[in-house]
**Q** 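Would you mind keeping the following structure in view while I ask a few things?
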Number of protein chains: 2
Amino acid sequence: MLTVSELSKVAQATPDAIRHYVRIGLLTPSRNPDNGYKLFNGYDIKKVKFICRAKGLGFTLSDIQIIFDHSSAGKSPCPAVRDIIQQRINENRDRLVELNRLQQRMDEALEKWKSMPDGEPDGNAICYLIESTH
Amino acid sequence: MLTVSELSKVAQATPDAIRHYVRIGLLTPSRNPDNGYKLFNGYDIKKVKFICRAKGLGFTLSDIQIIFDHSSAGKSPCPAVRDIIQQRINENRDRLVELNRLQQRMDEALEKWKSMPDGEPDGNAICYLIESTH
DNA sequence: ATAGACCCTGGGTCCAACACACAGGTCAAT
DNA sequence: ATTGACCTGTGTGTTGGACCCAGGGTCTAT
C-alpha cells in the first residue's frame with residue numbers, strides 16, 4: 001500500500017495531481033485508520049499511468065472517468081475511446097484554425113504599431129494603437 | 001446614463017460580461033440612488049468597445065486592466081501595449097506548436113486503433129488501445 | 001386595476017486541471 | 001527532547017465569463 005507521495009513517484013505525477021484525481025473520483029484509495037492518510041494499491045499505479053498516457057493523447061479527465069466506468073462495468077471501453085478521440089481531433093482542429101487566425105491578427109497589429117508613435121492620453125482615446133485597429 | 005442592458009446593446013457585449021467587468025474593476029459605474037442600478041456614461045461605452053477589441057487581439061482582462069491603469073494615471077499605455085502583445089505572440093506560438101504535436105499524436109493513434117479489435121476487460125488492462133501507445 | 005412578461009440587482013455556483021497556502025502530523029537524526 | 005525536513009488533509013485561487021436564483025421593479029395590454 002502506497003501513500004500519495006510514494007504513488008506520485010512511482011507513477012510520475014505530482015502529489016497535487018494525485019490528490020486532484022482522488023477528489024474528482026478517478027481514484028478511490030482506502031484510508032489508514034490511524035491518521036486518515038490515503039492508501040493506494042497496485043491497480044492505482046496502473047490507473048495513474050493510464051491517466052497520464054490518455055491525457056497526453058488529448059483525453060480530458062472526464063473522458064477518462066467514462067473509460068474507467070466502462071471498464072469497471074465489465075464493458076470494453078474501446079468503441080467509446082475511438083469516438084471520444086475523434087471528437088477531440090475535431091475540436092483541436094477548430095482550435096488550431098482559431099489560434100492561427102489570432103496569431104495572424106497579432107502579428108499584423110504589432111507590425112503596424114512598430115511604426116506608430118506613442119499617443120499621450122487625452123481623456124478621449126484610451127490607446128490609439130488598439131483603437132486604430134479595425 | 002445607461003443601464004447594464006443598454007450598455008450591452010450599444011457596446012456589443014452580453015449583460016453578463018458587463019457585470020463581470022464591473023466585478024473585477026474594469027468598469028466603475030455610478031449608481032442610481034433610487035434603485036441601486038449601475039449607471040454608465042459615454043466613456044464606459046468606449047471602454048467596453050476597447051475591451052472587446054483588445055480581447056480579440058489576444059489581450060487578457062488583466063492586461064486590459066494594466067492598460068486602463070496607465071491611461072488613468074496619465075501615462076501613455078502604448079509601450080506596455082507593445083510589450084504585452086509581444087508576450088502573447090510568443091505564448092501563442094508555443095501553444096500552436098504544442099497543439100500541432102497533439103494533433104499529430106491523436107491522428108496517429110486513431111489511425112492505428114482503426115485496425116485493432118476491441119479488447120474485453122480482463123481485470124488487468126484498462127484499455128489496451130491506449131495502453132499500447134508508447 | 002391588474003395580469004403577464006420582461007428587466008434589474010447582488011450573490012452564488014460551475015467549467016479544467018491543477019497549484020498553492022495553511023496548519024498540523026510524523027519521522028530520523030542528534 | 002528537540003530540531004528540521006517532509007508529509008498530510010483541506011480550502012482557496014487561477015481565466016473569462018455563463019448560468020442560475022430569489023426578490024423586486026417596470027411596462028404593456030386588457
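Naming convention: chains lettered A, B, ... in sequence-line order (proteins, then strands); numbering from 1 in each chain. Side chains are part of it too, since the values below use all heavy atoms of this structure and drop only hydrogens, waters and symmetry mates.
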**Q** Looking at every heavy atom in both B/I89 and A/Q103, which two are closest together, and how far apart are they?
**A**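 In this case the closest contact between B/I89 and A/Q103 is O-NE2, 3.5 Å.
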**Q** Map A/N35 and B/N35 onto DNA chain C by nearest heavy atom, then report which one ends up closer to the 5' terminus.
**A**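 Of the two residues, B/N35 wins.
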**Q** Side-chain contact test, heavy atoms from C-beta onward, threshold under 4.5 Å: evaluate it for B/K55 versus B/I64 and give yes or no.
**A**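 The answer is yes; the side chains approach within 4.5 Å.
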**Q** Let me know the distance between CZ of A/R95 and P of C/dA16, rounded to the nearest Å.
**A**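 Atom-to-atom, A/R95 to C/dA16, this comes out as 13 Å.
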**Q** Which value, rounded to the nearest 0.5 Å, describes the distance between A/L7 atom CG and A/L27 atom CG?
**A**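 That separation rounds to 7.0 Å.
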**Q** Is it true that B/F40 and B/M1 fall in one hydrophobic cluster, defined by side-chain heavy atoms closer than 4.5 Å?
**A**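 Result: no, two separate clusters.
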**Q** At the 4.0 Å heavy-atom cut-off to chain B, mark where contacts on DNA chain D begin and end, going 5' to 3'.
**A**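 Range of nucleotides touched by chain B: D/dG16 to D/dC19.
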**Q** Just to confirm, is there a sub-4.0 Å distance from OP1 or OP2 of C/dC18 to any side-chain nitrogen or oxygen of A/K55?
**A**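 True: A/K55 side-chain N/O within range (under 4.0 Å) of C/dC18 OP1/OP2.
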**Q** What residues from residues 10-33 of chain B pass a heavy-atom cutoff of under 4.0 Å to DNA chain C?
**A**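 DNA chain C contact set from residues 10-33 of chain B: B/R19, B/R23, B/R31.
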**Q** Mark yes when over 12 heavy atoms from residues, nucleotides or ligands other than B/R31 sit less than 6.0 Å from its CZ; otherwise mark no.
**A**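 More than 12 heavy atoms, drawn from other residues, nucleotides or ligands, come within 6.0 Å of this atom.
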**Q** Quickly work out the B/F40 CZ to C/dT9 P distance and round it to whole Å.
**A**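 B/F40 atom CZ is separated from C/dT9 atom P by 7 Å.
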**Q** Which heavy-atom pair separates B/E6 from B/L2 by the least distance, and what is that distance?
**A**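 Between these two residues, the closest heavy atoms are OE1-CA, 3.2 Å.
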**Q** Is there a side-chain contact between B/E98 and B/L102 in this structure, where contact means two heavy atoms from C-beta onward sitting under 4.5 Å apart?
**A**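 The answer is no; the side chains never approach within 4.5 Å.
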**Q** Roughly how many Å is it from CD in A/E91 to C1' in C/dC15, rounded to a whole number?
**A**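 Atom CD in A/E91 sits about 14 Å away from atom C1' in C/dC15.
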**Q** For the pair B/R88 and B/E91, evaluate salt bridge (charged side-chain N to carboxylate O under 4.0 Å, His left out) and give the outcome as yes or no after the intermediate values.
**A** CA-CA 5 Å; B/R88 300 288 161 257; B/E91 289 168 8; 2.7 Å; yes
**Q** Looking for any heavy atom pair under 4.0 Å, which part of the strands does A/K9 touch: base, sugar-phosphate only, or nothing?
**A**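 Sugar-phosphate only.
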